[in-house]
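Okay, structure first, notes after.
Bear in mind the structure is a predicted one, so any value in this text is a computation, not a measurement. In what follows, residues are counted from 1 in the order of the sequence shown.
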Amino acid sequence: TPVLMVPGYNGTPASVGTLAARLRSEGRRVVVVDLPDRGTGDLRASALALGAAVDRTGAARVDLVGFSAGGLVVRLLLADPARALRARRVVLLGTPNHGTELAGVAAALDPSLCATSVCQLAPGSSLLAGLNRGDETPSGPQFFSIWTALDRTVTPPATAVLDGAANSSAC
C-alpha cells in the first residue's frame with residue numbers, strides 16, 4: 001500500500017523528506033505530493049492535485065499522511081465518499097482541523113494581503129465550516145490525529161482534535 005505524504009503551507013517535498021526517507025527505509029512505497037503554489041493557494045486545488053497523485057499510483061488503497069495544512073488537503077479529498085473508500089489509513093500531523101488563531105489574526109487584519117489558504121485556515125472559515133459539518137471522519141479509512149502542545153503555529157494546539165479519530169498529543 002503506497003503512502004502519499006502531503007506537506008503543509010508553503011511546504012515542499014523536502015519539508016517531509018526525513019519522514020519519507022524513514023518510511024522508505026522500512027520498505028514502504030512513498031509518494032510525496034508536490035502541491036500547486038506550495039500549498040498557499042486554494043486548498044481545494046491542492047486536494048485535486050492529491051487526487052491526481054492517488055490515481056497515478058494505480059493502487060486500490062492508499063495511506064495518506066498530511067502535515068499541518070496538508071492534513072486539511074487530505075480531508076478535503078476524502079470528503080468525496082468514493083475517495084474515502086480508497087484510503088486505508090489517514091495520519092494527520094499537527095493539522096489545524098478547526099482552524100488556527102494565527103491565520104484568523106492575519107485574515108482579520110487584511111484578508112486581501114493573505115494567501116488564499118491563510119483565510120481558509122482561519123477558525124470559522126467557510127472551508128472549515130463545510131469540512132467539519134457532520135461527520136469529520138468519513139467511512140473508509142482509520143483516522144489518526146497527532147499534535148504537540150508546543151505548537152506555535154496551530155493555535156490552540158487542541159484544534160487538531162478530530163471527532164472520530166484516534167487523537168494523540170505528544171508533549
Side-chain angles (χ1 to χ4, degrees), residues 4-16 19 31-55 62-84 86-87 90-138 140-141 143-165 167 169:
L4 282 88
M5 300 191 69
V6 185
Y9 178 84
N10 206 27
T12 65
S15 58
V16 292
L19 180 55
V31 175
V32 179
V33 180
D34 196 6
L35 298 177
D37 301 317
R38 292 173 51 153
T40 63
D42 190 329
L43 294 177
R44 290 174 287 251
S46 291
L48 292 174
L50 173 57
V54 168
D55 292 342
V62 296
D63 290 339
L64 300 168
V65 177
F67 175 71
S68 193
L72 292 174
V73 172
V74 168
R75 291 189 57 214
L76 285 165
L77 176 75
L78 299 180
D80 173 353
R83 292 287 191 183
R86 283 191 69 187
V90 172
V91 179
L92 307 176
L93 303 170
T95 296
N97 289 304
H98 300 280
T100 173
E101 291 173 354
L102 188 60
V105 168
L109 289 174
D110 188 349
S112 69
L113 298 177
C114 292
T116 302
S117 61
V118 170
C119 290
Q120 292 174 329
L121 293 169
S125 72
S126 62
L127 181 129
L128 289 175
L131 194 56
N132 293 322
R133 187 175 302 117
D135 188 0
E136 293 182 0
T137 53
F143 281 82
F144 304 87
S145 182
I146 303 165
W147 70 94
T148 175
L150 304 176
D151 199 324
R152 302 228 190 267
T153 302
V154 177
T155 54
T159 191
V161 172
L162 190 63
D163 288 340
N167 291 288
S169 173

For this session: Compare all side-chain heavy atoms of Leu121 with those of Leu43 and state whether any distance is below 4.5 angstrom.
Result: yes

Exercise. Is Glu136 reaching over with its side chain to a backbone N or O of Leu162, donor-acceptor style, under 3.5 angstrom?
Worked result: no

For this session: Answer yes or no: is there a side-chain heavy-atom contact under 4.5 Å between Trp147 and Pro157?
Result: yes

For this session: Let me see the working for Thr12 and Arg38 under side-chain contact (heavy atoms from CB on, under 4.5 Å), right down to the final yes or no.
Result: CA-CA 6 Å; Thr12 65; Arg38 292 173 51 153; 3.5 Å; yes

Exercise. Distance-only, no hydrogens or angles: does the Thr148 side chain make a donor-acceptor pair with backbone N or O of Leu150 under 3.5 Å?
Worked result: yes

Problem set entry | Contact check, side chains of Pro36 and Ser46, non-hydrogen atoms, under 4.5 Å | yes

For this session: Check for a donor-acceptor pair, side chain of Thr100 on one end and backbone N or O of Thr153 on the other, with a separation under 3.5 Å.
Result: yes

For this session: Check whether any side-chain N or O of His98 sits under 3.5 Å from a backbone N or O of Val161 as a donor-acceptor pair, and report yes or no.
Result: yes

For this session: Decide yes or no for Val91 and Asp63: does some side-chain heavy atom of the first lie under 4.5 Å from some side-chain heavy atom of the second?
Result: no

Problem set entry | Where Pro96 and Ala69 come nearest, the two heavy atoms and their spacing | CD-N, 4.1 Å

For this session: Could you tell me whether the side chain of Ile146 reaches within less than 4.5 Å of the side chain of Asn167, counting heavy atoms only?
Result: no

Exercise. Got a donor-acceptor contact below 3.5 angstrom from the Thr137 side chain to the Phe143 backbone?
Worked result: no

For this session: Return the minimal non-hydrogen interatomic distance between Cys119 and Ser125, and the atom names on each side.
Result: O-CB, 3.4 Å

Exercise. Between Asp151 and Val154, is there a donor-acceptor pair closer than 3.5 Å when you use the side chain of the first and the backbone of the second?
Worked result: yes

Problem set entry | Side chain Ser117, main chain Thr40, donor-acceptor under 3.5 Å | yes

For this session: Report the C-alpha distance between Val90 and Val65 in whole Å, list the side-chain angles of each, state the deciding distance to 0.1 Å, and finish with yes or no for side-chain contact (heavy atoms from CB on, under 4.5 Å).
Result: CA-CA 6 Å; Val90 172; Val65 177; over 6 Å; no

Exercise. Who passes side chain to side chain contact (heavy atoms under 4.5 Å, CB included) against Val31, sequence neighbours left out?
Worked result: Leu4, Thr57

Problem set entry | Contacts of type side chain to side chain contact (heavy atoms under 4.5 Å, CB included), residue Asp34, not counting sequence neighbours | Pro13

Exercise. If every non-hydrogen atom of Arg83 is compared with every non-hydrogen atom of Gly51, which pair is closest and at what distance?
Worked result: NH1-O, 3.4 Å

Problem set entry | Atom pair CG/CG of Asp42 and Leu127 - distance to nearest 0.5 Å | 7.5 Å

Using distance only, find each side-chain donor-acceptor pair of residues 71-81 under 3.5 Å and give its atom names and separation, not counting sequence neighbours.
| from | atom 1 | to | atom 2 | distance (Å) |
| --- | --- | --- | --- | --- |
| Arg75 | NH1 | Asn97 | OD1 | 3.2 |
| Arg75 | NH1 | Asn132 | OD1 | 3.0 |
| Arg75 | NH2 | Leu131 | O | 3.3 |
| Arg75 | NH2 | Asn132 | OD1 | 2.8 |
| Asp80 | OD1 | Ala82 | N | 3.0 |

Exercise. Are Arg44 and Thr116 close enough, and set up right, to give a side-chain contact (heavy atoms from CB on, under 4.5 Å), and what steps lead you there?
Worked result: CA-CA 10 Å; Arg44 290 174 287 251; Thr116 302; over 6 Å; no

For this session: Could you walk me through whether Leu128 and Gln120 pass the side-chain contact (heavy atoms from CB on, under 4.5 Å) test, one step at a time?
Result: CA-CA 7 Å; Leu128 289 175; Gln120 292 174 329; over 6 Å; no

Exercise. Which pair of heavy atoms, one from Pro138 and one from Pro141, lies closest together, and at what distance?
Worked result: O-CD, 3.7 Å

Problem set entry | Ser68 backbone acceptor or donor facing Thr95 side chain under 3.5 Å | yes

Problem set entry | More than 12 heavy atoms from other groups under 6.0 Å of OH on Tyr9 | yes

